[in-house]
Novice: 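This structure is in structure tokens; I'll ask about it shortly.
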Number of protein chains: 2
Amino acid sequence: MTAGYGTLGYMKSSPQRTFCTDTQWVGRAHCKHCNIRHLMLFTGLPDAAFDDLLQPIDNCSFPAGSVLFEEGQNNEAIFSIRSGMVKMMSLTPDGGRRIVRLLGGGSAIGLELLEPGNRYRHSAIAINTVDACQIPLATMLSLDAEYPQLCQQVRKRLQEHLDRADQWIVTLGTGPARKRVAHLLLLMIEYSTRPNNDIELLGGEDMAAIIGTSTETVSRILADLKRRRLLEKVSTHTYRGDVTALRAITREMVR
Amino acid sequence: MTAGYGTLGYMKSSPQRTFCTDTQWVGRAHCKHCNIRHLMLFTGLPDAAFDDLLQPIDNCSFPAGSVLFEEGQNNEAIFSIRSGMVKMMSLTPDGGRRIVRLLGGGSAIGLELLEPGNRYRHSAIAINTVDACQIPLATMLSLDAEYPQLCQQVRKRLQEHLDRADQWIVTLGTGPARKRVAHLLLLMIEYSTRPNNDIELLGGEDMAAIIGTSTETVSRILADLKRRRLLEKVSTHTYRGDVTALRAITREMVR
DNA sequence: CGGTAAATTGACTGCTCTCAATTTACGTGG
DNA sequence: CCACGTAAATTGAGAGCAGTCAATTTACCG
């Protein structure tokens, strides 16, 4: 009576390791002199905006695997990612986990707290070392009240998140597993900051939680892609993707 | 060489019927005296805001099946839905179609045009008769520039869209088909305005484009649910759902 | 009442899940 | 630097779920 094909065993990844070598406090953020402010949430705010903050903004470094915040919590803080990559993870009704977004430098997360009474909608977990500024909600709200440009920036970022979510549905939630893996690899290449279409592969469990399959299926497909030279090993965990061939996979049709 | 299991034939639904008994112009919108304004995008704007609109806002009725706008186009208009339901549809890279959202009264669509240079990201198609107000982009931008409350409302709606997109990924894009159908039915019941958990079933092709399966699979699962009385026929196309039992399906686990 | 589109159902293929056994990778401590 | 132990990745075997093709029935519109 344990017959094969249980419904969602493949969603129930092992509990999140909180190796969490504790978050490292880098220092008070220096928004006024931030050298990448033009890419960040606070673009367009005048320097004077940072003179009398309600609560200070901290700059923190999160090691790979650490948790910025968890679904259902409310830390009263929004995070502005300076560098590194974060996975946004949700629980499924049957106890599984699903990654709904990958976000990197320039993105802001936890914006849902801006709507009153809200809690975090996802767990945010660092994939590699993440450098982020932690903006207290109170600070955010008071800036938002005073500077209308900020709401425009928030709107722009929400729209980007929405675009990514839709792309996620269309490319990573549709079709056979091989096609979804190809889409994911192309996405990683696109998000990557490295030259030459080089990407650091995610762990198998993460990839499975992204495309909604078992880890074994992911492993088999990756093995096949490596065998067929669509993925060439550059170094440990790092591979060079054949973009043209991967794109061809995503477009394969019948008839 | 036509062997079974082609990659995405099931995504290629027949071309959208544009029966489109033409959109009916109901009249100039009377925002100032709109009896549901408190539910709409323009909540919180003072009456005076509507005195000198750059371009007039029209109130239109769209019959089932008609197209409000199409992916890639740019009609320079945002739509505020008063009643009825709209499906937001995207093309997949291999020529298929996927529905990424269902939206009803109170929602605003086409907000992506607020970011300069953008085109519609989806095709918006009426599922039943839709009553909507068509807000010219120029009007929207000038109101947005003058009244900061409007950006807050836009932000709130984008956040709602994002929440729905994430829910879509987690509940409709994950797990075996039966579970996804159960989630979809519960969603329809939730969105429905009828009493008694009664819902009007979508066409099979639409349901397939929502959960990402073939129409045949949808049909088989629905037949099974009807047989097992989780769906009781009320009238043509209208069924009463057994919410408890459907929820149980969504939570089924192994182990 | 006839004609077309949609829904249903069956047969069959094959993709992907589960279970299980290795193998590989990696951090720890000697 | 190597040995060890644990976690992750790989691979195989078997079974179930879902896609395709095709035939039929039902629904709906004129």
Side-chain angles (χ1 to χ4, degrees), chain A residues 1-17 19 21 63-65 94 96 174-181 201-209 211-227 231 233 235-239 249 252-255, chain B residues 1-17 19 21 63-65 94 96 174-181 201-209 211-227 231 233 235-239 249 252-255:
Chain A
M1 226 297 103
T2 66
Y5 222 92
T7 37
L8 268 188
Y10 57 89
M11 286 302 159
K12 296 193 295 297
S13 49
S14 53
Q16 200 56 41
R17 281 167 304 146
F19 273 163
T21 336
D94 50 20
T174 301
R178 181 182 297 103
K179 212 173 266 209
R180 296 203 294 242
V181 170
L201 285 189
L202 295 174
E205 205 150 304
D206 279 344
M207 296 187 72
I211 65 173
T213 66
S214 66
T215 57
E216 292 94 331
T217 294
V218 170
S219 174
R220 276 185 249 270
I221 292 172
L222 288 179
D224 181 61
L225 293 177
K226 290 168 189 167
R227 221 173 295 126
L231 278 181
K233 185 166 197 156
S235 67
T236 314
H237 284 170
T238 304
Y239 289 80
I249 291 179
E252 279 167 13
M253 290 182 40
V254 199
R255 205 169 316 259
Chain B
M1 227 297 101
T2 64
Y5 223 91
T7 38
L8 268 188
Y10 57 90
M11 286 301 160
K12 295 193 295 297
S13 48
S14 52
Q16 200 55 42
R17 282 167 303 147
F19 272 164
T21 335
D94 49 21
T174 301
R178 179 181 295 105
K179 213 173 264 211
R180 296 204 294 244
V181 170
L201 285 188
L202 296 173
E205 206 149 304
D206 280 344
M207 297 188 71
I211 65 172
T213 65
S214 67
T215 58
E216 292 93 331
T217 294
V218 170
S219 174
R220 275 185 250 270
I221 291 172
L222 287 179
D224 180 62
L225 292 177
K226 289 169 191 168
R227 223 173 294 126
L231 279 180
K233 185 166 198 157
S235 66
T236 314
H237 284 169
T238 304
Y239 289 80
I249 291 179
E252 278 167 14
M253 289 183 42
V254 199
R255 204 170 316 257

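Chain naming here is simple, since letters A, B, ... match the order of the sequence lines and numbering starts at 1 in each. Note: hydrogens, waters and symmetry copies are ignored here, and every other heavy atom, side chains too, is used. A quick note: this is a predicted structure, and the numbers were derived from the prediction, not measured.
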Novice: Quick one: B:D94 CG to D:dG19 P, roughly how many Å, whole number?
Specialist: 14 Å

Novice: For the pair made of CE in A:M253 and P in D:dG19, what is the distance, rounded to whole Å?
Specialist: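 Checked: the CE to P distance equals 17 Å.
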
Novice: Taking CG from B:L201 and P from C:dA6, how many angstroms apart are they, rounded to a whole number?
Specialist: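 So the CG-P distance, B:L201 to C:dA6, works out to 16 Å.
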
Novice: Can you check the A:M207 CE to D:dA9 C1' distance for me, whole Å?
Specialist: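 Rounded to the whole Å, the gap is 13 Å.
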
Novice: Just jot down the side-chain hydrogen bond (donor to acceptor under 3.5 Å, both in side chains) partners of B:S219, sequence neighbours excluded, or say none.
Specialist: none

Novice: Applying side chain to side chain contact (heavy atoms under 4.5 Å, CB included) to A:I211 and A:V218, what does each step give before you reach the verdict?
Specialist: CA-CA 9 Å; A:I211 65 173; A:V218 170; 4.0 Å; yes

Novice: Could you state the atom-to-atom distance from CZ of A:R178 to P of C:dG14 in whole Å?
Specialist: 14 Å

Novice: Which atoms form the tightest heavy-atom contact between B:T217 and B:A177, and what is the distance?
Specialist: CG2-CB, 3.8 Å

Novice: For B:V181 and B:L222: C-alpha separation, side-chain torsions, deciding distance, then whether side chain to side chain contact (heavy atoms under 4.5 Å, CB included) applies.
Specialist: CA-CA 8 Å; B:V181 170; B:L222 287 179; 4.1 Å; yes

Novice: Let's see if you can work this out: which of C:dT16, D:dC28, D:dT10 has an atom nearest to the side-chain heavy atoms of A:A177?
Specialist: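 Minimum distance to the A:A177 side chain belongs to C:dT16.
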
Novice: By nearest nucleotide on DNA chain C, pick out whichever of A:H237 and B:V218 is the more 5' one.
Specialist: B:V218

Novice: Report for the helix from C:dC1-D:dG30 to C:dG30-D:dC1: angle between first-end and last-end helix axes, five pairs each, rounded to 10 degrees.
Specialist: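 End axes: 50° apart.
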
Novice: Expressed in angstrom and rounded to an integer, what is the separation of A:E205 atom CD from D:dA9 atom C1'?
Specialist: 11 Å

Novice: For A:R178, what residues pass the side-chain contact (heavy atoms from CB on, under 4.5 Å) criterion, not counting sequence neighbours?
Specialist: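 Scan of A:R178 (side-chain contact (heavy atoms from CB on, under 4.5 Å), adjacent residues dropped) gives A:I221, A:D224, A:R228, A:I249.
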
Novice: Between B:T213 and B:R180, is the side chain to side chain contact (heavy atoms under 4.5 Å, CB included) condition met? List the steps.
Specialist: CA-CA 10 Å; B:T213 65; B:R180 296 204 294 244; 3.2 Å; yes

Novice: Can a donor-acceptor pair be found, under 3.5 Å and without considering hydrogens, that links the side chain of B:K179 to the backbone of A:D94?
Specialist: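 No.
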
Novice: Please state how far atom CG in A:L225 lies from atom P in D:dT10, giving the value in whole angstrom units.
Specialist: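 Going from CG in A:L225 over to P in D:dT10 covers 12 Å.
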
Novice: Taking only nitrogen or oxygen atoms into account, show me every contact under 3.5 Å that the protein makes with nucleotides 11-14 of chain D, one pair per line with its distance.
Specialist:
residue	atom	partner	partner atom	Å
D:dG12	N7	A:R220	NH1	2.9
D:dG12	O6	A:R220	NH2	3.2

Novice: B:E252 CD to D:dC17 P: how many Å, rounded?
Specialist: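 Going from B:E252 (CD) to D:dC17 (P), I get 11 Å.
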
Novice: For C:dC17, does either OP1 or OP2 sit under 4.0 Å from a side-chain N or O belonging to A:S214?
Specialist: yes

